[in-house]
Amino acid sequence: MQKLCIFLLSGLMVLSCSNKTCNTRKSHHSAIQNIQLADTLKAVENLDAQRKVTDAVITRIVDMRQFPVEIQEELTNENQKLVLQLRNITRTKISGRIIPESGQDNIRFNNIELNQRSIDGPFGKDFEYELNQVGDYSIVIQKSLMASGSQVGKFRLILK
């Protein structure tokens, strides 16, 4: 009888302990899942103060203190280009990726300019660059003349 009581109590303790660990694991898993779903990129909206548009050029000012950033943009004609003017340069390395919304495969990081004097490029849809000189940098995104296809359409630009 005493062995039976000990056995039953042991079984109840095991069940109650395992339920707590399951609930703890479940809530721990939920917390991890919520953290993983949080977006670490700051979306930069199309604010008029940061964006100027002409027929041929879209100019955006990007504050590098806000990196990483994600920019939503759209090219509306075949001759248009996007120029990102980098401000507050504190990093020594920059990387970027262009993600077209659909069907627009002919868009790339064309070049990077330093103080409107020296130019490096061309690059592809992804690029990394060492910012090894002091001054203002501009990144030019546009159609590749060496490829076919349209550049017109919406895309996301991620800079880190």
Side-chain angles (χ1 to χ4, degrees), residues 21-160:
T21 56
C22 286
N23 289 340
T24 304
R25 285 183 187 160
K26 190 173 187 179
S27 63
H28 179 67
H29 178 67
S30 298
I32 289 172
Q33 189 176 18
N34 289 341
I35 291 170
Q36 289 173 346
L37 293 177
D39 191 3
T40 58
L41 295 175
K42 301 170 191 123
V44 177
E45 297 300 323
N46 290 343
L47 301 175
D48 291 334
Q50 296 179 339
R51 185 175 190 262
K52 295 178 187 173
V53 180
T54 66
D55 288 336
V57 180
I58 300 170
T59 305
R60 293 192 72 131
I61 296 172
V62 179
D63 187 345
M64 290 187 66
R65 292 178 296 192
Q66 296 178 349
F67 272 30
V69 295
E70 178 178 332
I71 299 170
Q72 302 287 332
E73 197 53 78
E74 179 177 14
L75 298 176
T76 56
N77 68 58
E78 288 293 324
N79 298 317
Q80 203 169 36
K81 67 180 176 180
L82 171 63
V83 177
L84 302 172
Q85 296 177 346
L86 304 180
R87 299 289 188 254
N88 301 313
I89 297 168
T90 58
R91 302 173 188 273
T92 58
K93 188 175 188 180
I94 184 173
S95 65
R97 169 172 278 172
I98 297 172
I99 305 168
E101 188 173 272
S102 65
Q104 149 205 329
D105 293 326
N106 190 10
I107 185 171
R108 68 173 179 181
F109 290 97
N110 195 48
N111 58 48
I112 188 162
E113 302 173 352
L114 171 64
N115 294 324
Q116 298 179 347
R117 286 187 222 153
S118 62
I119 297 175
D120 196 1
F123 305 97
K125 288 187 189 212
D126 297 307
F127 93 111
E128 280 190 14
Y129 194 79
E130 294 287 332
L131 304 175
N132 54 11
Q133 296 181 22
V134 176
D136 295 330
Y137 284 86
S138 294
I139 299 172
V140 179
I141 298 169
Q142 67 185 59
K143 180 179 185 173
S144 171
L145 299 176
M146 302 297 284
S148 62
S150 175
Q151 74 175 24
V152 175
K154 295 180 181 181
F155 61 94
R156 288 184 324 155
L157 176 64
I158 299 172
L159 296 173
K160 298 178 185 179

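All figures in this text were calculated on a predicted structure; none of them were measured in a lab.
Note that NZ of K52 and CD1 of I61 are 6.0 Å apart. Values are rounded to the nearest 0.5 Å. Taken from CD1 in I99 to CG in D126, the straight-line distance is 8.5 Å, to the nearest 0.5 Å. The line from CZ of R97 to CZ of F155 is 15.0 Å long, rounded to the nearest 0.5 Å. Taking NZ of K160 as the reference point, atom CD of E128 lies at 10.0 Å (rounded to 0.5 Å). Note that CZ of R60 and CD1 of I71 are 5.0 Å apart. Values are rounded to the nearest 0.5 Å. Distance check, rounded to the nearest 0.5 Å: CD1 of I89 to CZ of F67 gives 9.0 Å.
Between F123 and Y129, the ring-plane angle classifies as perpendicular under the 30° and 60° cut-offs.
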Please report, to 0.1 Å, the donor-acceptor pairs under 3.5 Å made by any side chain of residues 130-140, with sequence neighbours excluded.
{"from": "Y137", "atom 1": "OH", "to": "N132", "atom 2": "N", "distance (Å)": "3.4"}
{"from": "Y137", "atom 1": "OH", "to": "Q133", "atom 2": "N", "distance (Å)": "3.1"}
{"from": "Y137", "atom 1": "OH", "to": "Q133", "atom 2": "O", "distance (Å)": "3.0"}

When the side chains of residues 80-88 are checked against the rest of the protein, which donor-acceptor pairs come out under 3.5 Å, sequence neighbours left out?
{"from": "Q80", "atom 1": "OE1", "to": "T76", "atom 2": "N", "distance (Å)": "2.6"}
{"from": "Q80", "atom 1": "OE1", "to": "T76", "atom 2": "OG1", "distance (Å)": "3.1"}
{"from": "Q85", "atom 1": "OE1", "to": "R87", "atom 2": "NH2", "distance (Å)": "3.2"}
{"from": "N88", "atom 1": "ND2", "to": "D63", "atom 2": "OD1", "distance (Å)": "3.0"}
{"from": "N88", "atom 1": "ND2", "to": "D63", "atom 2": "OD2", "distance (Å)": "3.4"}

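Summarising the geometry of K143 relative to G149, their closest heavy-atom pair is CE-O, 3.7 Å, with the distance given to 0.1 Å. When all heavy atoms are compared, the tightest approach of P100 to I107 is CG-CG2, 4.5 Å.
Side-chain atoms of N77 come within 3.5 Å of backbone N or O of N79 as a donor-acceptor pair. A donor-acceptor pair under 3.5 Å is absent between the side-chain atoms of N111 and the main chain of G121, judged by distance alone. At least one donor-acceptor pair closer than 3.5 Å links the side chain of Q151 to the backbone N or O of E78.
Among residues two or more places apart in sequence or in another chain, the salt bridge (Lys or Arg N to Asp or Glu O under 4.0 Å) test is passed with E74 by none.
In this structure the side chain of L157 reaches within 4.5 angstrom of the side chain of I98, judged on heavy atoms. In this structure, the side chains of Q72 and K154 stay at 4.5 Å or more apart for every pair of heavy atoms.
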